[in-house]
Protein chains: 2
Amino acid sequence: MIEYSRQPHYLVAVDCIVFGFDGEHLKILLVKRGLEPEINKWSLMGGFVGANESPDDAANRVLKKMTGLEGVYLEQMQIYGEPDRDPIERTLSVGYFSLIDIHKYEAQLNDDYEAEWFLINDRPKLIFDHNQMVADARKKLRYKAALHPILFEMLPKKFTIPQLHILFEEVNDTKIDTRNFSRKITSTGLLIKLAEKDRTGSKKGAFYFKLDKKKYHANSQAFLNLMPNLKV
Amino acid sequence: MIEYSRQPHYLVAVDCIVFGFDGEHLKILLVKRGLEPEINKWSLMGGFVGANESPDDAANRVLKKMTGLEGVYLEQMQIYGEPDRDPIERTLSVGYFSLIDIHKYEAQLNDDYEAEWFLINDRPKLIFDHNQMVADARKKLRYKAALHPILFEMLPKKFTIPQLHILFEEVNDTKIDTRNFSRKITSTGLLIKLAEKDRTGSKKGAFYFKLDKKKYHANSQAFLNLMPNLKV
DNA sequence: TTATTAATTGTCGTTTTGACAATTAATAAT
DNA sequence: ATTATTAATTGTCAAAACGACAATTAATAA
């Protein structure tokens with residue numbers, strides 16, 4: 001009969017794929033690894049799951065420590081558990097992907113943890129299976145963003161439709177008709193138009209919008225169709 | 001500095017939510033637990049992740065052992081890792097949900113493992129957080145089935161549209177217009193009409209269909225809209 | 001031959017979609 | 001001051017998808 005005592009025990013870690021948007025391009029936040037093996041190589045931000053915390057707790061803790069941010073969008077992706085994925089000792093890692101407003105990120109932490117933002121399409125090779133994690137996260141981000149209004153999480157409180165438009169194009173790596181896009185986005189009923197305009201980058205200026213938080217949280221589970229000609 | 005050696009180690013398990021369809025109702029397969037604690041209580045089928053296997057491997061092994069089936073639909077759901085979820089020792093469990101053709105299930109295994117099929121809406125209380133796992137799996141099944149043609153996995157090779165119709169209604173716990181349903185299902189182009197008819201249960205008989213495997217695998221990632229008036 | 005039953009095919013107005021064009025509000029140039 | 005320029009915004013329209021609803025068909029039983 002199977003008993004607990006005879007079973008092998010493993011290390012359990014979390015790794016976070018942190019996405020941000022600088023107004024032009026999709027970026028991810030990487031850190032220089034601080035322990036052996038592969039010390040000083042680029043990796044995702046991660047850590048071991050402590051004795052008194054759940055994996056979700058651990059991911060939030062790591063994120064807080066390395067970005068200064070709390071209560072950000074964080075979603076469990078999948079577990080990575082090939083027996084030999086860590087050469088030192090068997091470690092299973094729970095992958096999370098996170099969407100943050102890049103401007104809220106506390107830049108002084110760059111120094112503390114040797115963190116750095118990279119263009120998603122121009123990033124260094126990462127340790128272990130972290131490259132696969134990034135690829136999976138990107139795919140999942142695309143999938144979710146096509147159905148649910150999550151990309152707002154990467155924009156400041158006040159944003160314009162052109163900003164949102166560029167972000168959608170970045171995430172999906174495709175061109176989207178501006179006219180149809182703004183109609184579709186406004187028809188969700190999730191945006192509240194503000195009186196103020198953003199004048200940087202255009203003569204006419206683009207109206208700021210903010211999220212209707214109430215409707216956003218009420219409808220965060222609803223299926224939308226935010227991408228034209230959608231084929232995954 | 002954080003080192004591997006100082007970190008706590010945990011047991012890692014898998015638990016499978018196995019869905020089946022008997023032609024009328026959605027069912028799940030449960031087993032009587034064979035080890036302490038909570039021995040002889042109903043639980044999901046699960047097991048510890050062995051030293052030389054990934055969690056996916058472990059889930060497949062458990063499923064093979066307890067149902068006799070290989071190569072069935074199996075999808076990672078999420079990890080369950082609250083520190084106190086197992087009273088004996090900290091154990092993290094990866095939840096999987098699986099869709100099988102209930103008729104392929106090898107019934108003699110009922111005796112070997114004290115397994116039993118239960119109506120999804122009339123099941124016993126389960127141990128630990130397994131009740132939550134079932135609730136999560138049900139939600140995820142609904143979500144995925146609304147977008148991707150996965151419910152075929154619970155039907156035999158030859159099936160009729162009325163059978164599929166009942167299954168969709170069961171999964172979504174709602175009535176669906178038969179006329180619109182069959183139009184929508186056939187318009188996916190995934191079904192091949194056979195010459196043979198199923199004569200049980202109706203005078204006219206319903207044509208058998210089979211899945212166009214080629215298109216099915218090519219389009220398994222595509223977004224469909226298989227549920228009318230969809231609001232999650 | 002007719003009644004019955006469930007499967008199947010059909011109708012049609014409404015809504016959504018997406019390709020494409022025109023207008024507008026500002027600033028910069030003349 | 002007038003005009004050119006630029007990007008944001010609003011508009012048009014045909015095709016497709018959607019969903020409420022009805023009629024027909026293929027079999028068996030009466």
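In what follows, chains carry the letters A, B, and so on, assigned in the order in which the sequence lines appear, proteins first and then strands, with residues in each chain numbered from 1.
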Student: I need the CG-C1' distance between B:Asp177 and C:dA7, as an integer number of Å.
Tutor: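 For the pair B:Asp177 CG and C:dA7 C1', the rounded distance is 13 Å.
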Student: Could you state the CG-C1' distance from B:Asp198 to D:dA26, rounded to the nearest angstrom?
Tutor: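 Rounded to the whole Å, the gap is 14 Å.
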Student: Do the ring planes of B:Phe118 and B:Trp42 sit parallel (below 30°), tilted (30 to 60°) or perpendicular (above 60°)?
Tutor: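 B:Phe118 and B:Trp42: perpendicular rings.
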Student: Atom CZ of B:Phe207 and atom P of D:dA27: how far apart are they, to the nearest Å?
Tutor: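 In whole Å, D:dA27 P lies 7 Å from B:Phe207 CZ.
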Student: What residue among B:Asp136, B:Asp129, B:Asp15 forms side chain to side chain donor-acceptor pair (under 3.5 Å) with B:Tyr80?
Tutor: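 When B:Asp136, B:Asp129, B:Asp15 are each tested with B:Tyr80, the side chain to side chain donor-acceptor pair (under 3.5 Å) holds only for B:Asp136.
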Student: Using a heavy-atom cut-off of under 4.0 Å over every strand shown, decide if A:Ser182 touches base, sugar-phosphate, or nothing.
Tutor: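 If one applies the 4.0 Å heavy-atom cut-off, A:Ser182 turns out to touch a base.
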Student: When you get a sec, tell me which of C:dA7, C:dT9, D:dA8 is the closest nucleotide to the side chain of A:Ser202?
Tutor: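 It is D:dA8.
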Student: Atom CZ of B:Arg183 to atom P of D:dA16: distance rounded to whole Å?
Tutor: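 Going from B:Arg183 (CZ) to D:dA16 (P), I get 15 Å.
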Student: With respect to the phosphate group of C:dA26, does any side-chain polar atom (N or O) of A:Arg199 fall under 4.0 Å of OP1 or OP2?
Tutor: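 So the side chain of A:Arg199 is within the cut-off, an N or O lying under 4.0 Å from OP1 or OP2 of C:dA26.
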Student: Should B:Lys184 be listed as having a side-chain N or O under 4.0 Å from OP1 or OP2 of D:dG19?
Tutor: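 Answer is yes, contact under 4.0 Å.
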Student: Please tell me which of A:Lys193 and A:Gly201 maps to the more 5' nucleotide of DNA chain D, matching each residue to the nucleotide holding its nearest heavy atom.
Tutor: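 Looking at the nearest nucleotide for each, A:Gly201 comes out on the 5' side.
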Student: Could you tell me how the ring of A:Tyr105 sits relative to the ring of A:Trp117: parallel (under 30°), tilted (30 to 60°) or perpendicular (over 60°)?
Tutor: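 It falls in the perpendicular class, over 60°.
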Student: Mind calculating the distance between CD1 (A:Ile176) and P (C:dA19) to the nearest angstrom?
Tutor: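 Computing the A:Ile176:CD1 to C:dA19:P distance gives 12 Å.
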Student: Can you work out whether A:Arg179 or A:Ser187 has the more 5'-proximal nearest nucleotide on DNA chain C?
Tutor: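 Nearest-nucleotide comparison on DNA chain C picks A:Ser187.
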Student: Grab the CG-P distance between B:Leu226 and D:dG19 for me, whole Å please.
Tutor: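 My rounded result for the distance is 12 Å.
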Student: Heavy atoms from C-beta onward define the side chain here; which of C:dA7, D:dT10, D:dA8 lies closest to that of B:Ala206?
Tutor: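 Nearest to the side chain of B:Ala206 among the choices is C:dA7.
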Student: Check the orientation of A:Phe152 and A:Tyr216. Use parallel for under 30°, tilted for 30 to 60°, and perpendicular for over 60°.
Tutor: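 A:Phe152 vs A:Tyr216 ring planes: perpendicular.
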Student: How close or far is atom P of C:dT17 from atom CZ of A:Phe181, stated in whole angstroms?
Tutor: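 So the two atoms are 14 Å apart, to the nearest Å.
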Student: Under a 3.5 Å cut-off for both contacts, is D:dT28 paired Watson-Crick or G-U wobble with anything, and if yes, with which nucleotide?
Tutor: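 Partner of D:dT28: C:dA3.
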Student: Return the pairing partner of D:dT9 with a 3.5 Å limit on both distances, Watson-Crick or G-U wobble; otherwise return none.
Tutor: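 In the structure as shown, D:dT9 has C:dA22 as its Watson-Crick or wobble partner.
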Student: Are any of B:Lys203's side-chain N or O atoms less than 4.0 Å away from OP1 or OP2 of C:dT4?
Tutor: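 It does not, given that no N or O in the side chain of B:Lys203 lies less than 4.0 Å from OP1 or OP2 of C:dT4.
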Student: In whole angstrom, give the distance that lies between atom NZ of A:Lys197 and atom P of D:dT6.
Tutor: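 Between P of D:dT6 and NZ of A:Lys197: 18 Å.
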Student: Less than 4.0 angstrom between a side-chain N/O of A:Lys204 and OP1 or OP2 of D:dT10, yes or no?
Tutor: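 Result: no.
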Student: Got a donor-acceptor contact below 3.5 angstrom from the A:Lys125 side chain to the A:Asn131 backbone?
Tutor: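 Checking the backbone N and O of A:Asn131 against the side chain of A:Lys125, no donor-acceptor pair under 3.5 Å is found.
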Student: Ignoring hydrogens and angles, does a donor from either the side chain of B:Asn225 or the base of D:dA17 sit under 3.5 Å from an acceptor on the other?
Tutor: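 For B:Asn225, whose side chain was compared with the base of D:dA17, there is no donor-acceptor pair (under 3.5 Å).
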